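Here is the structure we will look at, set down as structure tokens.
Being a predicted model, the structure only gives us computed values, none of them experimental. Positions are given from 1, in the same order as the sequence printed here.
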Amino acid sequence: MDTRLKRPPRVTGAAHFIAAVRYSIAGLKRLWRESAFRQEVAGGLLAVTVLLITRASLPELVGFVCLWLILAAVESLNTALEVLVDHASPDWSVLARDAKDLGSLAVALLIGANLVYVLWVLLA
């Protein structure tokens, strides 16, 4: 299947901002198709609920939301990496495996950071 499309014309100024918003929404729609991202959203909502129930301070809640947004950004980059690797290397290769494993590690480390942060807030 040929996935190439004609390149859209370059835009500047306010039109560029509007185009960037459209591209970001398209990226979010694509990311939503990833079960890992949907699980991370569920985990983030659960963590916010627990933090609210335990009366975490506003700075603690903001800190968690910022850390979760970094997780979402890294998940986005990991998904982009996987798409590119699958395109560039449709057959199995050690380099493709390593690239995907490293992207997965980055996501796992940020999930760990989110968990450590929530536990720190709850136990402090």
Side-chain angles (χ1 to χ4, degrees):
M1 172 169 61
D2 188 7
T3 58
R4 292 175 292 178
L5 300 173
K6 183 179 177 186
R7 181 175 291 191
R10 192 168 212 101
V11 293
T12 59
H16 174 74
F17 176 78
I18 293 167
V21 169
R22 281 197 319 268
Y23 301 149
S24 295
I25 291 169
L28 181 59
K29 287 178 181 178
R30 169 58 183 87
L31 188 60
W32 187 254
R33 295 193 329 241
E34 296 291 321
S35 62
F37 179 66
R38 293 191 306 270
Q39 292 166 4
E40 292 156 4
V41 169
L45 292 172
L46 176 64
V48 166
T49 301
V50 168
L51 291 172
L52 288 171
I53 289 171
T54 60
R55 298 185 186 271
S57 69
L58 183 59
E60 290 168 334
L61 285 167
V62 169
F64 174 74
V65 169
C66 289
L67 193 56
W68 186 89
L69 288 171
I70 295 168
L71 171 61
V74 170
E75 181 66 53
S76 300
L77 293 172
N78 181 49
T79 300
L81 174 70
E82 289 180 352
V83 168
L84 285 172
V85 166
D86 288 345
H87 177 73
S89 181
D91 296 327
W92 188 91
S93 76
V94 172
L95 294 175
R97 181 204 62 200
D98 289 350
K100 288 183 168 191
D101 288 352
L102 289 166
S104 179
L105 174 62
V107 172
L109 291 172
L110 265 169
I111 290 171
N114 276 260
L115 290 171
V116 166
Y117 182 84
V118 170
L119 288 174
W120 175 75
V121 170
L122 294 176
L123 300 176

Problem set entry | Backbone of L45 reached by a side-chain donor or acceptor of W68 within 3.5 Å | no
Exercise. Between S89 (side chain) and D86 (backbone), is there a donor-acceptor pair under 3.5 Å?
Worked result: no
Problem set entry | side-chain contact (heavy atoms from CB on, under 4.5 Å) partner of L71, chosen from L109, V41, L110 | L110
Exercise. If two hydrophobic side chains count as joined below 4.5 Å and joins carry through other members, does W120 share a cluster with L115?
Worked result: yes
Seminar exercise, completed: Shortest non-hydrogen pair, L31 vs S76, comes out as CD2-OG, 3.1 Å
Problem set entry | I70-I111 co-clustered via ILVMFWY side chain contacts under 4.5 Å | yes
Problem set entry | Nearest-0.5 Å distance, CG of residue L105 to CG of residue D98 | 12.0 Å
Exercise. Should E82 and V85 be marked as a side-chain contact (heavy atoms from CB on, under 4.5 Å) after you check the CA-CA gap, both sets of side-chain angles, and the distance that decides it?
Worked result: CA-CA 5 Å; E82 289 180 352; V85 166; 5.7 Å; no
Problem set entry | side-chain contact (heavy atoms from CB on, under 4.5 Å) between E60 and L51, intermediate numbers included | CA-CA 8 Å; E60 290 168 334; L51 291 172; 5.9 Å; no
Exercise. Same hydrophobic cluster for V48 and V116, using side-chain heavy-atom links shorter than 4.5 Å among ILVMFWY?
Worked result: no
Problem set entry | In one Ile/Leu/Val/Met/Phe/Trp/Tyr side-chain cluster, 4.5 Å: V62, V65 | no
N/O donor-acceptor pairs under 3.5 Å from side chains in residues 7-22, not counting sequence neighbours:
none

For this session: Can you see which heavy atom on A99 is nearest to which on L81, and at what distance?
Result: O-CD2, 3.2 Å
Exercise. Do F37 and L28 touch side chain to side chain, with heavy atoms closer than 4.5 Å?
Worked result: yes
Exercise. Do side-chain atoms of S104 reach the backbone of K100 as a donor and acceptor pair under 3.5 angstrom?
Worked result: no
Problem set entry | Side-chain heavy atoms of H87 within contact of L84, under 4.5 Å | no
Problem set entry | L77 with V83, same ILVMFWY side-chain cluster at under 4.5 Å | no
Exercise. About how many Å separate CG of L52 and CZ of F64, when rounded to the nearest 0.5 Å?
Worked result: 10.5 Å
For this session: Compare every heavy atom of A56 with every heavy atom of V121, then report the nearest pair and how far apart it is.
Result: CG1-CB, 3.9 Å
For this session: Before giving the answer on side-chain contact (heavy atoms from CB on, under 4.5 Å), spell out for N114 and E40 the whole-Å C-alpha distance, their side-chain angles and the decisive distance to 0.1 Å.
Result: CA-CA 10 Å; N114 276 260; E40 292 156 4; over 6 Å; no
